[in-house]
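So that the names make sense, note that chain A is the first sequence line, chain B the second, and so on, each numbered from 1. Heavy-atom basis, side chains included; hydrogens, waters and symmetry copies ignored.
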There are 2 protein chains.
Amino acid sequence: MPKQRSTHTRQLILDKATDLASLEGLEGVSIGRLADALGMSKSGVIGHFASKQDLQLATVEAARERFESEVLDAIEGEPGIERLRAMTERWIQYIEGEHFSGGCFFWAASAEFDGRPGAVRDRLAELTALWLDAIGAEARLAQRLGEIDDGEDPAQLAFELHAYVQEANWSYQLLERADSFTRARRAVESRIARVSI
Amino acid sequence: MPKQRSTHTRQLILDKATDLASLEGLEGVSIGRLADALGMSKSGVIGHFASKQDLQLATVEAARERFESEVLDAIEGEPGIERLRAMTERWIQYIEGEHFSGGCFFWAASAEFDGRPGAVRDRLAELTALWLDAIGAEARLAQRLGEIDDGEDPAQLAFELHAYVQEANWSYQLLERADSFTRARRAVESRIARVSI
DNA sequence: CCTACCGATCGGTAGG
DNA sequence: CCTACCGATCGGTAGG
């Protein structure tokens with residue numbers, strides 16, 4: 001069954017690519033280095049994809065799938081403020097758990113591609129905006145449920161909660177400060193406590 | 001006076017390099033592309049530096065000098081909470097003013113080098129930590145002056161204020177949201193207002 | 001500051 | 001999935 005083996009190999013390639021990309025950037029994952037890391041030939045790697053950009057787009061989708069199964073699907077709790085807390089906490093756990101060697105894949109890729117127009121950048125913007133807006137939507141729901149003060153702007157709250165987690169990733173990855181995630185949790189908790197009714 | 005002309009050319013190279021790096025990353029600034037962008041030969045470019053890493057380190061220093069003259073030297077106001085406000089506001093203005101085509105140089109370079117050990121990464125961590133800790137030190141001073149509640153942790157406050165500005169840079173560069181800096185200002189203002197006595 | 005060049009690596013293809 | 005190869009570009013050097 002060569003088709004099955006091919007799909008398996010493709011997934012192995014993409015797992016390695018997401019990991020390398022969090023360390024060295026998507027553009028830094030050359031076909032040759034990826035092949036070396038996998039013990040394969042270059043043509044064996046790129047044969048699964050139409051082009052380097054196609055490989056990059058597939059790598060982004062692989063990272064999305066991991067985020068969905070590790071974060072989105074693992075969020076529990078009642079809709080509203082409980083779920084809003086669960087979303088940020090699960091996200092922090094995901095980054096803290098070092099599923100990628102170089103920290104959050106999307107954070108690294110965002111910085112790398114924000115100045116490079118094209119399909120990869122567009123997809124990264126689409127996916128990260130979906131997550132930011134999902135946080136905002138949950139805050140809005142909590143507000144409708146009467147759990148958050150009516151004077152709050154849910155999108156503003158999402159901006160700030162999202163900021164704390166991205167800052168923790170930066171502070172942990174570049175500054176290597178051990179208190180990064182503690183600080184993010186403290187910021188999230190006091191921000192949510194402040195708007196709670 | 002060949003020495004003067006050489007220093008001038010070197011500065012032209014570094015100005016172009018900081019700008020290209022904010023768009024395409026420090027590693028993406030190849031000697032050949034930099035030479036093309038400047039209308040020079042490759043050897044004319046690299047002749048000013050001992051190596052590619054030396055060029056990258058010099059580019060980081062050039063970005064530091066711009067940050068110092070545009071932000072640090074432009075901060076006004078009395079020490080304490082007034083100065084804390086001025087630091088974040090001047091920083092936001094700097095990023096908002098698009099001095100670099102691709103947004104904050106240090107944010108882009110942080111994400112790129114946090115997974116690449118070496119002198120460039122070390123220097124980036126050193127410089128960004130200095131700025132984060134300067135914000136924290138100003139918050140601590142404001143606290144000693146009795147302008148900030150004694151129960152606040154100045155480093156935690158700095159973490160959060162720093163987070164808002166980095167989030168604005170991300171939101172503006174990748175998502176292209178026009179309200180990015182407005183949201184950062186709102187977050188900074190309400191956070192500082194909350195801890196003020 | 002230039003031209004001319006070095007070996008290594010890039011993305012990608014031909015052919016099997 | 002492989003070997004063998006393509007032209008282009010990489011960082012860097014020799015020599016002027």
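- Ring pair B:H162/B:W91 is tilted by interplanar angle, where 30° to 60° counts as tilted.
- For the pair A:E24 CD and C:dC10 P, the interatomic distance rounds to 11 Å; values are reported in whole Å.
- Taking 3.5 Å as the limit, the base of C:dT13 and the side chain of A:S43 contain no donor-acceptor pair of atoms between them.
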Salt bridge (charged side-chain N to carboxylate O under 4.0 Å, His left out) between A:R186 and A:E189, intermediate numbers included: CA-CA 5 Å; A:R186 198 175 302 165; A:E189 199 38 58; over 6 Å; no

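- Distances shown here put every side-chain N or O of A:S30 at or beyond 4.0 Å from the OP1 or OP2 atom of C:dT9.
- Atoms NZ (A:K42) and C1' (C:dA8) sit 11 Å apart, rounded to a whole Å.
- In this structure, the CE atom of A:M40 is 14 Å from the C1' atom of D:dT3, given to the nearest Å.
- Note that CD of A:E112 and CD of A:E27 are 6.0 Å apart. Values are rounded to the nearest 0.5 Å.
- Contact of A:K52 with C:dG12 (side chain to base): no donor-acceptor pair of N or O atoms is detected under 3.5 Å.
- Pairing for D:dG15 is with C:dC2, a Watson-Crick or G-U wobble pair whose two hydrogen-bonding atom distances lie under 3.5 Å.
- Nucleic acid contact for A:I46: base, since at least one base atom lies under 4.0 Å from a heavy atom of the residue.
- Counting to the nearest Å, the C1' atom of D:dC10 and the CD atom of B:Q53 are 16 Å from each other.
- We find that CD of B:Q56 is positioned 11 Å from C1' of D:dG11, with the value rounded to whole Å.
- Here the C1' atom of nucleotide C:dC2 and the CG atom of B:L38 are 15 Å apart, to the nearest Å.
- The nearest whole Å value for the distance from the CG atom in A:D36 to the P atom in D:dC2 is 11 Å.
- In this structure, B:E138 contributes its side chain and B:G80 its backbone to a donor-acceptor pair below 3.5 Å.
- Atom P of nucleotide C:dG11 and atom CG of A:D54 are separated by 14 Å, given to the nearest angstrom.
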